[in-house]
Amino acid sequence: MWGLVAGVVSYPAFAWYGKRYLDGQGLERGFTRTVLVLLMATILSSALAYGVAWMASTPQSRNSQAQLQKKGTAMLADELKCAHDPASALCQSTAEQANALEQKLLSGLTGNYQNQ
């Protein structure tokens, strides 16, 4: 939450400073300069927001986020392998699990509508 606040509050300040800096460099006003200021302010405020959010988070939440990122990367790697060889055993078992989960979710949804 604090990261979001820091990013939103710092964006106008970074944009103002970027305009002043480019004035000092002698860059003429125009579309290119406007886009450059926009990108510079966005990158700086995003970096500040990320830093504040990282500082405000607990070590436990950082560890859980790192574990989720590793699991997500592993899932993407498995999907890439399935894109290259869809007939493999890993892809078939993943597809069966996905279909079973889909059926379970859909049956739960239809049950909720029937109860209402």
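This structure is a prediction, so every number in the text was calculated from the model and none was measured.
- Hydrophobic clustering of Ile, Leu, Val, Met, Phe, Trp and Tyr side chains at less than 4.5 Å, counting indirect connections, keeps F14 apart from W16.
- A donor-acceptor contact shorter than 3.5 Å is absent between the side chain of R29 and the backbone of T34.
- In terms of heavy atoms, S45 sits closest to G7 at CB-O, 3.5 Å.
- Follow the hydrophobic side-chain contacts under 4.5 Å out from L36 and you never reach Y11; the two are in separate clusters.
- Scanning both residues, V52 and A6, for their nearest heavy atoms gives CG2-CB, 3.9 Å.
- Panel note: side chain S46, backbone I43; no donor-acceptor pair is recorded below 3.5 Å.
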Pair D23, R33 - check side-chain contact (heavy atoms from CB on, under 4.5 Å), show working. CA-CA 10 Å; D23 278 339; R33 177 183 158 160; 2.8 Å; yes
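- Other members of the hydrophobic cluster containing F31, listed by chain and number, are V35, L39; membership follows side-chain contacts under 4.5 Å among ILVMFWY residues, whether direct or relayed.
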side-chain contact (heavy atoms from CB on, under 4.5 Å), that's the test. Do M40 and L44 meet it? Break it down for me. CA-CA 6 Å; M40 187 170 38; L44 291 173; 4.0 Å; yes
